[in-house]
Structures are given as structure tokens and as C-alpha cells.
Amino acid sequence: MTVLELRDVRKTYPGVDALAGLDVSVARGEIVALLGPNGAGKTTTFELLLGLIRPTSGDVRVFGQEPGGRVRTRIGAMLQAAGLPDQLQVRELVRLIGRGYPTAVRVDEVLARTSLTKRATRTVKSLSGGERQRLLLALALVGTPELLLLDEPTAAMDVASRRTFWEQARASVADGATILFATHDLTEAAAVADRVVVVAGGRVVADTTPDALTHHGDDDLEEVFLA
Ligand code: ATP
């Protein structure tokens with residue numbers, strides 16, 4: 001079953017084609033990486049899937065529906081620009097966000113799953129960068145999402161934290177979720193994803209398995225990242 005689909009999607013801002021005919025589709029249970037350099041159109045893709053913006057042309061579907069509205073409650077998202085209320089306690093914030101979902105799980109369960117139990121009564125402001133990312137994952141997981149959209153979720157993390165983060169995110173896939181995540185780290189994309197979609201200039205330039213990607217001519221990939 002197809003969880004999300006973008007067909008020939010264009011998103012144009014004055015003077016910029018953020019997306020220039022993007023085709024991406026993700027099936028249930030897949031972990032797919034959107035790999036691309038700065039400005040490739042990754043964040044724009046997530047904003048479209050969440051219904052935060054509309055395409056200039058083309059078709060965007062999530063669970064067969066137009067993005068936004070009720071379908072949004074089936075998605076857990078981690079966005080790059082996410083601002084958090086710094087003075088709230090970790091547990092309070094997770095509880096508050098959980099209330100917005102019809103299928104929220106227990107707060108303590110989510111905190112345990114993201115190794116935040118010991119930080120539950122700390123303020124958001126006091127968390128380290130990696131802990132803050134885990135809190136964002138907890139907020140993405142609290143509604144028992146069927147789809148996780150993660151925009152460069154491990155960008156600020158060291159190697160050990162990345163590993164833990166992906167173990168925790170993967171556990172939700174074992175529970176039946178699907179993940180689309182953005183990264184510009186080829187190694188991470190190859191290690192985590194079942195399939196890697198390489199985007200550049202708002203278009204898909206490769207849609208392949210991690211194996212094929214790592215054996216792909218390095219020159220071709222370098223071209224994508226240095227273009
Ligand atoms: P990064 O890896 O740097 O986060 P990205 O792949 O997420 O990059 P996008 O943020 O989707 O890329 O941006 C794609 C292009 O669209 C960029 O050239 C960006 O400047 C442009 N863009 C995105 N949002 C807007 C906007 N609201 N107004 C004008 N231009 C925009």
C-alpha cells in the first residue's frame with residue numbers, strides 16, 4: 001500500500017524552483033531517505049506532505065488524501081525549524097502535544113522509549129542538543145503515527161546518539177510505521193534506509209537501494225553534491 005506520493009510536483013517561489021517536477025512514492029513499512037545537498041528541496045517536500053504549503057502544480061497524496069486536515073493526525077513530524085516552549089517541563093510538553101491526537105500513547109512510555117525518563121521534570125531549555133532532538137522524536141511519536149517525516153533529525157548528534165536515535169525510530173517501524181527522512185549524509189542514508197531517493201535541484205536524480213548507491217560511481221554523486 002502506498003503511504004505517500006508526490007507526482008510531478010512543482011513548487012515555485014519568486015526566482016526559485018524549490019521543486020521542479022518531483023516524483024516520490026513510499027510504501028507502507030519502508031524507511032526511505034531523501035538524500036540531497038542544501039537547497040535540494042527536502043524541507044519543501046515535508047512542508048507539502050504536512051499540508052503547510054500547497055504545490056504550484058502536480059499531485060501530493062498522503063494515505064490517498066490531500067495533505068492537512070485529519071490526515072495530519074496520522075503523521076509524526078520532526079521539522080528543522082521546530083521551536084519549543086523553553087520553560088515547560090519535558091513531561092508537560094509531551095503530555096500537551098499528545099492531547100492533540102486521538103490515538104496518543106502514554107507519556108511515560110514515550111519518554112522511556114526515547115531515553116528521556118530521567119529528564120522528565122527538567123525544563124526544555126536545560127536539555128542538551130541531542131536530548132532536544134530526542135524530545136522532538138518523542139513529540140513525533142506520542143500520537144502513535146503511521147508515518148514519520150523526519151527532516152535532518154540527527155544533524156546535531158554525535159555518532160553514539162545517532163545510533164540510539166535510529167534504534168528508537170526503527171522500533172516504531174517494527175510497530176507498523178513508515179519513515180521518510182532527509183539527510184545530506186550519504187553514510188547515514190545508506191546505513192538506515194531501505195531505499196534512497198537522491199534529490200538535487202528539486203528533482204529526483206536517483207531512486208535506489210543503499211547497496212547500489214554505495215557502489216554508484218562516486219563521481220556521479222560528487223556531481224550532485226558539488227553541482
Ligand atoms: P537544506 O539541506 O539546506 O535544508 P533543503 O533540501 O531542505 O535544503 P529547501 O529548504 O526545500 O531545501 O529549499 C529548496 C529551495 O527553495 C532553496 O533554494 C530555498 O532557498 C528555496 N525556498 C524554500 N522555501 C522558500 C520560501 N519560503 N521562499 C523562497 N524560497 C524558498
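Whatever order the structure lists ligands and atoms in, that order sets their numbers, starting from 1. Position 1 is the first residue of the sequence; numbering continues from there.
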Partner of Leu48 by side chain to side chain contact (heavy atoms under 4.5 Å, CB included), out of Val62, Leu22, Val9
Val9
For atom 11 (O) of ligand 1, is the nearest protein heavy atom under 4.0 Å away?
yes
Can you tell which of Arg134, Glu131, Gln168 makes a side-chain hydrogen bond (donor to acceptor under 3.5 Å, both in side chains) with Ser115?
Gln168
Taking non-hydrogen atoms only, is Asn38 closer than 4.0 angstrom to ligand 1 via side chain, backbone, both or neither?
both
Which ligand 1 atoms does Glu152 reach within 4.0 Å, using its non-hydrogen atoms?
1 (P), 2 (O), 4 (O)
Quick test of your reading of the model: are Asp8 and Arg203 salt-bridged, counting only N-O distances below 4.0 Å?
no
Starting from [atom], what is the nearest protein heavy atom, named by residue and atom, and what distance separates them?
{"atom": "atom 20 (O) of ligand 1", "value": "Val16 CG1, 4.9 Å"}
{"atom": "atom 4 (O) of ligand 1", "value": "Gln80 OE1, 3.3 Å"}
{"atom": "atom 9 (P) of ligand 1", "value": "Thr44 OG1, 3.6 Å"}

Answer yes or no for Lys42 and Phe46: cation-pi contact, defined as NZ/CZ to six-membered ring centre under 6.0 Å and angle to ring axis within 45°.
no
Separation between CZ of Phe181 and CE of Met78, rounded to the nearest 0.5 Å
12.0 Å
Val32 versus Ile179: any side-chain heavy-atom pair under 4.5 Å?
no
contact_flag Gly36 ligand 1 heavy-atom lt 4.0 Å:
no
Where the closest heavy atom to atom 14 (C) of ligand 1 is concerned, which of Gly201, Gly39, Gly202 has it?
Gly39
